[in-house]
Asker: 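The structure is given below, and queries will be raised subsequently.
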Amino acid sequence: MEAVLEQVGQLPALLAVSRSALVRDWDSLTLDRALEWARYFQHLHDRFRTRPRLREALGRRLRRGQPSPLLGFPHLGRCPQLLGLALLENRALPHAACRRLLRSLLQPSGEEDGSEPRSLAVLARRKAASRLLALPRGPPRPPEGLEPQVQAEAQLLLSRLREEGEEAGPAGEAAGRLRWLSGVLEQLPQPRAFEVVAAVLLLVRQGSGAEQAGDRGQDGNSLSGNQASATGDKYAAGPLLSWLLGNLGRFSAFCLFLPGSLLASLAGRYSQFSRPYLDLLTVWGSHLLYDPLQGQWVKSCLDKAELSWEELRERFTCLCQGSALLRGQTQAALKLLKAQDGDFKVRGLSVWTDLLMEVEEYLRKAAER
């Protein structure tokens with residue numbers, strides 16, 4: 001087993017070389033050896049995937065010495081695809097070796113004895129996705145104010161999270177999946193990472209909602225939809241919410257960066273998100289001071305990364321534009337804060353009185369329209 005672990009430990013180096021200029025010296029024989037190693041790693045995955053202790057040992061060996069835990073046991077099962085994609089993207093690969101690679105993908109090893117020819121299909125999907133992400137940005141913008149590139153990246157991440165979850169199996173590997181997710185998201189600029197996380201969380205619930213509606217239309221119940229929702233929550237939403245809520249600084253930056261309408265959508269879909277979000281708004285609101293000369297609430301410290309009065313009012317208004325449940329929770333929170341702050345009835349004495357008045361005025365006008 002020690003020899004197998006040593007062999008698996010060479011996978012990061014193999015993938016790194018496949019992306020480097022070193023492949024310019026590869027001939028067809030060198031390419032065949034690399035592909036053979038990739039198929040061997042895939043064989044190890046298929047052999048040990050049902051043996052939790054060995055699978056965990058192989059995953060630990062893969063993660064050892066990496067700057068970010070980007071590789072794990074599930075990647076062994078995709079080695080031919082990972083290697084092939086890296087080589088196809090590498091312009092240093094000689095023409096003869098490239099032709100050899102394409103032939104091997106068109107006639108993957110083992111196809112004749114009934115194994116599924118997954119390599120070409122996966123490569124085609126990911127190649128198409130990479131081309132899509134390279135397209136220039138522009139209208140039309142998708143729902144929720146997220147750009148098409150973010151939506152595409154979110155779809156890819158959602159697929160990977162589900163693959164990782166299905167491969168990992170036991171709950172004991174949840175920490176490893178979270179480390180993997182952290183490593184992936186840290187490769188993105190923070191604003192982009194926040195947009196992608198929000199988009200995945202919305203996709204999970206949108207997808208499960210559509211499946212439930214379809215199931216009810218077919219057989220009068222939503223059993224399959226509920227199972228799909230549970231799967232999405234377990235493999236995608238769970239790790240993402242853990243990553244997001246596990247660090248207060250990260251969560252604060254997330255809520256500062258994204259628009260109030262998008263955050264309200266997340267709060268309406270995830271109770272795990274709505275309560276911390278309301279708590280964070282409460283903290284920000286408690287730092288506002290009333291300036292009698294200006295006749296308005298101002299930030300107590302201009303340098304702090306917190307919301308202004310106008311931004312805070314907009315966030316609470318967005319929450320009240322959501323579901324009846326979320327609207328009720330938001331109004332109840334504001335009423336409780338108002339009571340704890342002295343239960344004032346006039347403006348300028350309590351930020352919570354003023355916010356509650358603003359929200360109630362908005363709701364009244366909305367009901368009249």
Side-chain angles (χ1 to χ4, degrees), residues 141-146 194-195 197-206 208-209 213 229 237 240-241 244-245 248 251-290 295-300 304-369:
R141 294 172 68 84
E144 306 290 354
L146 294 173
F194 291 159
E195 289 179 323
V197 168
V200 174
L201 290 171
L202 291 173
L203 284 170
V204 169
R205 284 301 166 91
Q206 287 172 357
S208 64
S229 177
L240 286 169
L241 289 170
L244 187 60
L245 300 174
L248 181 58
F251 181 61
S252 299
F254 179 88
C255 295
L256 274 172
F257 174 75
L258 294 176
S261 57
L262 183 57
L263 295 168
S265 295
L266 293 174
R269 288 167 168 82
Y270 297 97
S271 59
Q272 311 99 302
F273 181 90
S274 61
R275 186 68 258 176
Y277 181 44
L278 278 171
D279 291 343
L280 186 59
L281 293 179
T282 301
V283 171
W284 286 338
S286 66
H287 292 168
L288 294 177
L289 299 176
Y290 190 75
Q296 64 182 12
W297 294 91
V298 297
K299 295 167 70 171
S300 58
K304 269 196 169 183
E306 295 179 350
L307 296 179
S308 66
W309 158 258
E310 292 79 12
E311 292 168 329
L312 193 66
R313 179 181 59 191
E314 185 261 346
R315 298 302 176 91
F316 277 105
T317 301
C318 286
L319 288 172
C320 289
Q321 291 173 343
S323 65
L325 176 60
L326 184 60
R327 181 168 62 250
Q329 290 174 342
T330 304
Q331 288 181 279
L334 284 173
K335 289 176 181 178
L336 178 60
L337 291 166
K338 172 178 174 284
Q340 293 173 342
D341 205 26
D343 206 16
F344 297 105
K345 308 296 183 183
V346 295
R347 292 180 180 268
L349 297 176
S350 168
V351 67
W352 309 118
T353 295
D354 291 11
L355 279 169
L356 183 59
M357 287 182 173
E358 292 280 348
V359 166
E360 289 178 340
E361 182 179 356
Y362 164 80
L363 293 174
R364 184 175 63 254
K365 290 180 178 179
E368 292 171 356
R369 287 198 292 269

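Given the structure is predicted, the values throughout are model-derived calculations rather than measurements.
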Asker: To the nearest 0.5 Å, what is the distance between CG (Leu326) and OH (Tyr277)?
Answerer: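 Leu326 atom CG to Tyr277 atom OH measures 9.5 Å (nearest 0.5 Å).
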Asker: Is the shortest heavy-atom distance from the side chain of Arg347 to the side chain of Glu358 under 4.5 Å?
Answerer: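 A side-chain contact exists here, since the closest heavy-atom pair is under 4.5 Å.
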Asker: Could you state the interatomic distance from CG (Leu288) to CG (Leu312), rounded to the nearest 0.5 Å?
Answerer: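 Spacing of CG (Leu288) from CG (Leu312) equals 6.0 Å.
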Asker: About how many Å separate OG of Ser261 and CD of Gln321, when rounded to the nearest 0.5 Å?
Answerer: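 Reported to 0.5 Å precision, the distance equals 8.5 Å.
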Asker: Give me the atom names and distance for the closest heavy-atom approach of Tyr270 to Val204.
Answerer: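 Heavy-atom minimum between the residues: OH-CB, 3.7 Å.
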Asker: Would you indicate whether the side-chain heavy atoms of Leu356 and Phe316 approach each other to under 4.5 Å?
Answerer: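 Heavy-atom side-chain distance check fails, nothing below 4.5 Å.
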Asker: Within this structure, what is the OG-CG distance for the pair Ser265 and Leu201, rounded to the nearest 0.5 Å?
Answerer: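 It is 11.5 Å, given to the nearest 0.5 Å.
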Asker: Which value, rounded to the nearest 0.5 Å, describes the distance between Glu314 atom CD and Ser308 atom OG?
Answerer: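 Rounded to the nearest 0.5 Å, the CD-OG separation comes to 9.5 Å.
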Asker: Do Trp284 and Leu256 come close enough that some side-chain heavy atom pair is under 4.5 Å?
Answerer: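 Result yes, sub-4.5 Å side-chain heavy-atom pair found.
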Asker: Is there side-chain contact between Leu319 and Arg327, with heavy atoms separated by less than 4.5 Å?
Answerer: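 They are not in contact (no side-chain heavy atoms under 4.5 Å apart), so the answer is no.
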Asker: Can you list the steps and then say if Thr353 with Asp341 is a side chain to side chain contact (heavy atoms under 4.5 Å, CB included)?
Answerer: CA-CA 9 Å; Thr353 295; Asp341 205 26; over 6 Å; no
Asker: Which atom pair, heavy atoms only, marks the closest approach of Asp354 to Trp309?
Answerer: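 Asp354 and Trp309 have their closest heavy atoms at CB-CH2, 3.7 Å.
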Asker: Can we say Arg364 and Glu360 salt-bridge, meaning some charged N sits less than 4.0 Å from an Asp/Glu carboxylate O?
Answerer: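 Salt bridge flag = no for Glu360 with Arg364.
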Asker: Less than 4.5 Å apart, any side-chain heavy atom of Leu263 and any of Arg315?
Answerer: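 Yes, at least one pair of side-chain atoms sits under 4.5 Å.
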Asker: By the definition side-chain contact (heavy atoms from CB on, under 4.5 Å), identify the one residue from Leu281, Val359, Leu278 that meets it with Leu334.
Answerer: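 Checked Leu281, Val359, Leu278 against Leu334; only one passes side-chain contact (heavy atoms from CB on, under 4.5 Å): Val359.
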Asker: Between Phe273 and Phe251 (judged by ring centroids, cut-off 6.0 Å), do the two rings come close enough to count as a pair?
Answerer: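 Ring-ring flag for Phe273/Phe251: true, centres closer than 6.0 Å.
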Asker: Any side-chain heavy-atom pair from Trp352 and Thr282 closer than 4.5 angstrom?
Answerer: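 Yes, at least one pair of side-chain atoms sits under 4.5 Å.
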